Engineer: 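This structure is in structure tokens; I'll ask about it shortly.
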Amino acid sequence: AYPVERIEQFELISGINPTGIAVYSRDYGAVTYAKLNENQNEFLSFISDEIDRPLIMIRCRISYETIVGYTAALKAGIPLIMCDERNSDPVVKMYKPHYIWQHKDIDEPEEYVISGRLYDYRLYRKAKMHKLLINSKLALLLATSGSTGSCKYVRISYDNIVYNTKSIIKALEIKNTDKAGVMLPLSYTYGLSVVNTYLYVGASLIICDESIGSNDTWNYFERCGGNVICGVPDTYELLYLMNIWRRPGLHLKLATQAGGRLNPDTEENILKLAYEQGFDFAVMYGQTEATARMTCHFLNRNPEHIHSVGKPVAGGNISILDGEVIYSGPNVSLGYAEGFEDLVLGDENKGILHTGDIGKIDKDGFLYITGRIKRIAKAGGKRINLDELEAIIEHNSGMRTACIEKDGCICIMVISGDSSILDGIQNEVISLLNVNRRFVRTYSIRKLPVNTHGKRDYNKLAAMLT
């Protein structure tokens, strides 16, 4: 077993309230912090002392066992790679983890043997252990938010996690009486930050392992006393359509949104609901490369700054250089890895992140994201910010829209089968951009595809046009 004397009690998951509820799970009931600690220690007992700081890969689901493996490794100072179980086989080949923690329904990985069992998960160890050179600061590897099966991962340190966790807690005013739904993938920086922040203060997590579109999910959330929702734009689009806000058993304290631009109309509607029902609505901005959050504000307290993503979190700073948002702070990651050879690398970013986002800062210090550098198209000799164009079309038409560039044309995908609406949007864009009609095309689409992080998948949209 991994020697207890070598376990550094990582500052996170402090266990300040052993009898308090750490996690609500359909499968295992209300799990106290004392029980979570017991399960963490059982998980660590499966790990041998043959390799100092072995690399563990977790094939993530929204599950209690994923949280146990993640938090146990953090406490023990063991580096982790968190990946979506659907895209994990190439990751095994590129990073050669010593251990793999996965659901029992997944096939046993080749060249690995069983090391331990806990509830519905199994820990497998490499049959022939090997040495990996791993930087002592490396705590966590997470896929970049734009990754689609790529093996490019962000290298995150223990200090990154601690600083960002504390700054998010301060920005969102998180208390130990809060009960937050775990509704986002735990291989995603936003989803993982929910685990970090709420467990850090001794609050509770509610495992929402079924679709958020299911009434069963919300019945369970209410029975557990859930009062915090954390979601990406697609989450809020769905919840608004479902009208979950009117459920008599739902008593929200906070709703947080990050992961991309929220439809302006939806943002305004949720702001109205926040006023009506008395909950805080926090809009945030972050990237995996910044561990999680970079900016935050309560929109209901700053309604004059609607469509802003707020001000920098504690310890962070935002500046604009040639239109690009530059962030600096102690939560900026160490750099990237594309295979096990990169695990030994140190801090390449030096606390500065070139975000690749285009933005502006108003006179009050609030940041507005207006697009991505790589989402600048050229059509008819004009440079066009596709993100800004999407926002304008959605605001004017009320239709969900996605814009991409293909063959020198602006292709506008609209969730509508009404040809008159498509023609109207095409005419509006032609007039707005002052380009020839041949440079603007509109297409009817049933649903906008999203990636595993709930963000619009522009690669899939482009593939649909081939």
Side-chain angles (χ1 to χ4, degrees), residues 1-18 20 22-23 25 27-28 31-61 63-83 85 88 92 95-104 106 108-109 112-132 134-142 156-158 161-162 165 186-187 192 195-196 198-200 202 205 207 343:
Y2 203 75
V4 173
E5 63 269 18
R6 284 168 54 186
I7 295 177
E8 300 172 6
Q9 288 296 320
F10 188 61
E11 190 177 358
L12 222 57
I13 322 303
S14 58
I16 53 177
N17 183 16
V23 181
S25 162
D27 295 323
Y28 313 118
V31 181
T32 65
Y33 275 88
K35 185 63 176 179
L36 173 60
N37 185 66
E38 179 185 318
N39 290 151
Q40 290 166 345
N41 291 338
E42 186 174 357
F43 174 87
L44 293 172
S45 73
F46 303 150
I47 301 171
S48 76
D49 61 354
E50 186 178 347
I51 298 291
D52 185 47
R53 296 188 74 236
L55 179 65
I56 299 176
M57 186 179 92
I58 299 182
R59 286 177 157 149
C60 297
R61 292 186 182 183
S63 68
Y64 173 65
E65 294 93 334
T66 295
I67 291 173
V68 169
Y70 168 69
T71 55
L74 277 187
K75 286 175 63 172
I78 299 173
L80 285 157
I81 181 164
M82 306 284 281
C83 61
E85 66 179 23
S88 55
V92 175
Y95 288 91
K96 304 184 185 304
H98 298 103
Y99 292 89
I100 298 176
W101 182 235
Q102 64 181 43
H103 194 275
K104 64 182 182 182
I106 303 174
E108 181 176 314
Y112 286 79
V113 295
I114 191 76
S115 181
R117 298 173 173 84
L118 181 64
Y119 299 126
D120 283 342
Y121 270 53
R122 305 291 179 259
L123 186 69
Y124 293 92
R125 68 183 294 275
K126 193 79 172 171
K128 294 183 179 179
M129 293 294 259
H130 56 284
K131 287 190 175 182
L132 291 178
I134 301 176
N135 191 285
S136 61
K137 294 182 178 180
L138 182 65
L140 179 64
L141 293 162
L142 284 179
I156 295 170
S157 73
Y158 293 100
I161 297 171
V162 171
T165 296
L186 296 178
S187 56
L192 208 53
V195 173
N196 293 340
Y198 285 87
L199 290 184
Y200 188 94
L205 299 172
I207 302 293
L343 302 183

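The shown structure was predicted, so the numbers you read here are calculated from the model rather than taken from an experiment.
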Engineer: Kindly give the heavy-atom pair with the smallest separation between Val92 and Pro97, and that separation in Å.
Structural biologist: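 Minimum heavy-atom contact is O-CD, 3.6 Å.
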Engineer: Atom CE in Met129, atom CD in Glu50: separation rounded to 0.5 Å?
Structural biologist: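 Rounded to the nearest 0.5 Å, the CE-CD separation comes to 5.0 Å.
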Engineer: Do you know the tightest heavy-atom contact between Leu142 and Ser187?
Structural biologist: CD2-O, 3.6 Å
Engineer: Test side-chain contact (heavy atoms from CB on, under 4.5 Å) on Lys96 and His130; report intermediate values, then the result.
Structural biologist: CA-CA 9 Å; Lys96 304 184 185 304; His130 56 284; 3.6 Å; yes
Engineer: Can the ring centres of Trp101 and Phe43 be said to be less than 6.0 Å apart?
Structural biologist: yes
Engineer: Find out whether Tyr200 and Val195 are in side-chain contact, i.e. whether some heavy atom of one side chain is under 4.5 Å from a heavy atom of the other.
Structural biologist: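 SC-SC contact between Tyr200 and Val195 ruled out.
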Engineer: Do Glu65 and Tyr28 have side-chain N/O donor and acceptor atoms under 3.5 Å apart?
Structural biologist: yes
Engineer: Let's go through Ile78 and Leu44 carefully: what are the C-alpha distance in whole Å and the side-chain angles of both, what is the deciding distance for side-chain contact (heavy atoms from CB on, under 4.5 Å) to 0.1 Å, and is it a yes or a no?
Structural biologist: CA-CA 10 Å; Ile78 299 173; Leu44 293 172; 4.0 Å; yes
Engineer: Answer whether the closest heavy-atom distance between the side chains of Ser48 and Tyr99 falls below 4.5 Å.
Structural biologist: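 The answer is yes, as the side chains (C-beta and beyond) meet within the 4.5 Å cut-off.
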Engineer: Taking C-beta and beyond as the side chain, do Ile207 and Ile67 meet within less than 4.5 Å on heavy atoms?
Structural biologist: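 Answer yes - side chains close enough.
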Engineer: Report the C-alpha distance between Glu85 and Gln102 in whole Å, list the side-chain angles of each, state the deciding distance to 0.1 Å, and finish with yes or no for side-chain contact (heavy atoms from CB on, under 4.5 Å).
Structural biologist: CA-CA 8 Å; Glu85 66 179 23; Gln102 64 181 43; over 6 Å; no
Engineer: Using a 4.5 Å cut-off on heavy atoms from C-beta on, say whether the side chain of Tyr158 contacts that of Leu74.
Structural biologist: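 Sidechains of Tyr158 and Leu74: in contact.
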Engineer: Identify each donor-acceptor pair in which a side-chain atom of residues 115-122 lies under 3.5 Å from a protein atom, sequence neighbours left out, and give them as a table.
Structural biologist:
from, atom 1, to, atom 2, distance (Å)
Ser115, OG, Phe46, O, 2.5
Asp120, OD1, Lys104, NZ, 3.3
Tyr121, OH, Ser63, OG, 3.0
Tyr121, OH, Thr66, OG1, 3.3
Arg122, NH1, Tyr119, O, 3.1

Engineer: Would you check if the side chain of His103 reaches a backbone N or O of Arg61 as a donor-acceptor pair within less than 3.5 Å?
Structural biologist: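 Absent.
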Engineer: Would you say that Leu205 contacts Tyr64 through its side chain, given a criterion of any heavy-atom pair below 4.5 Å between the two side chains?
Structural biologist: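 Leu205 vs Tyr64: side chains apart.
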Engineer: Can you name the side-chain hydrogen bond (donor to acceptor under 3.5 Å, both in side chains) partners of Ser88, sequence neighbours left out?
Structural biologist: Arg59
Engineer: Is there a side-chain contact between Ile56 and Ile47 (heavy atoms, below 4.5 Å)?
Structural biologist: yes
Engineer: Measure the shortest side-chain to side-chain distance between Leu140 and Leu192 over non-hydrogen atoms and say whether it is less than 4.5 angstrom.
Structural biologist: yes
Engineer: Test side-chain contact (heavy atoms from CB on, under 4.5 Å) on Leu80 and Leu141 and set out the steps.
Structural biologist: CA-CA 6 Å; Leu80 285 157; Leu141 293 162; over 6 Å; no
Engineer: Does the side chain of Val113 reach to within under 4.5 Å of the side chain of Tyr124, using non-hydrogen atoms?
Structural biologist: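 No, side chains not in contact.
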